[in-house]
Structures are given as C-alpha cells and as structure tokens.
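Each remark here refers to the structure printed beneath this line.
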Amino acid sequence: MSNVSCSQNGMGPIASAMPLASACDPAEEVMPSEIETLTWAFIDEAISPADYQRLEQLLLESEDMRKVYLDICGLHEAMLGYFGQPSDPVVNSRLGLSNE
C-alpha cells in the first residue's frame with residue numbers, strides 16, 4: 001500500500017476532500033487508517049472475506065467509523081458523478097467513443 005503525502009492537499013477540491021488529506025508537515029507521510037483501507041477495498045470490490053468481516057465489525061461498533069465510511073462512500077459517489085463511469089453513454093459520447 002502506498003503512502004499519501006500531505007503535500008497533496010493543494011491538488012484541488014477532490015484531493016482536499018479525501019479523508020487522508022489533513023493539515024500536517026509536507027515532509028510527513030500519512031498512512032490511511034484501517035477503516036479507510038477496508039472501505040476502499042470494499043468499494044473497489046477487492047476485499048477479502050476476513051477483511052469484510054473486520055469492516056462490518058468496525059461499522060457495528062463505532063459511530064465514528066460509520067462516519068468515516070459514509071464520508072468515503074460520499075467521496076466515491078462524487079467522483080463518479082464528476083468523472084462519470086467509463087461505460088456511461090453520455091460520457092462516451094462526449095469523448096467521441098462508441099457506446100457498444
């Protein structure tokens with residue numbers, strides 16, 4: 001897993017909206033929390049059964065974890081809305097791509 005540098009804060013509205021983008025020393029590396037890692041794995045459909053159980057456990061046990069999860073899901077939805085899905089006919093037509 002790669003680290004996300006704090007210096008990425010200045011990269012625009014989407015990067016600054018990510019839970020990992022926090023104010024810190026630009027030389028300092030930020031590691032995603034367990035809930036962030038598990039949530040992105042779930043969204044990417046790359047989560048193992050054991051990790052899925054751990055995600056479920058974290059969400060059941062903590063309101064704070066549920067808030068982080070919902071923030072990440074909201075960010076994902078916003079990115080899909082902004083960038084569209086590759087198979088989206090509207091996006092494909094704007095890019096001059098075939099819808100087949």
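This one's a predicted model, so the numbers in the text were calculated from it and none came from an experiment.
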Practice prompt. Ignoring hydrogens and angles, tell me if any N or O in the side chain of S62 forms a donor-acceptor pair with the backbone of L58 under 3.5 Å.
Written response: no
Discussion item. List the residues meeting side-chain contact (heavy atoms from CB on, under 4.5 Å) with L70, not counting sequence neighbours, and say none if there are none.
Written reply: none
Worksheet item: In Å and rounded to the nearest 0.5 Å, what is the NZ to CD1 distance from K67 to I35?
Response: 13.5 Å
Kindly list each side-chain donor-acceptor pair under 3.5 angstrom involving residues 46-55, sequence neighbours excluded, with atom names and distances?
unit_1, atom_1, unit_2, atom_2, d
S48, OG, D51, N, 3.0
S48, OG, D51, OD2, 3.4
R54, NE, E34, OE2, 2.9
R54, NH1, Q57, OE1, 3.2
R54, NH2, E34, OE1, 3.1

Item to complete: Please name the pair of heavy atoms, one in L59 and one in R66, separated by the smallest distance, quoted to 0.1 Å.
Response: O-NH1, 2.6 Å
Discussion item. How close do E36 and V68 get, counting heavy atoms only, and between which atoms?
Written reply: CG-CG1, 4.0 Å
Worksheet item: Can L60 be reached from I72 by stepping across I, L, V, M, F, W or Y side chains whose heavy atoms are under 4.5 Å apart?
Response: no
Fill in: E45: partners by side-chain contact (heavy atoms from CB on, under 4.5 Å), with sequence neighbours left out
none
Discussion item. Would you compute the distance between atom CD1 of I43 and atom OH of Y69 and round it to the nearest 0.5 angstrom?
Written reply: 7.0 Å
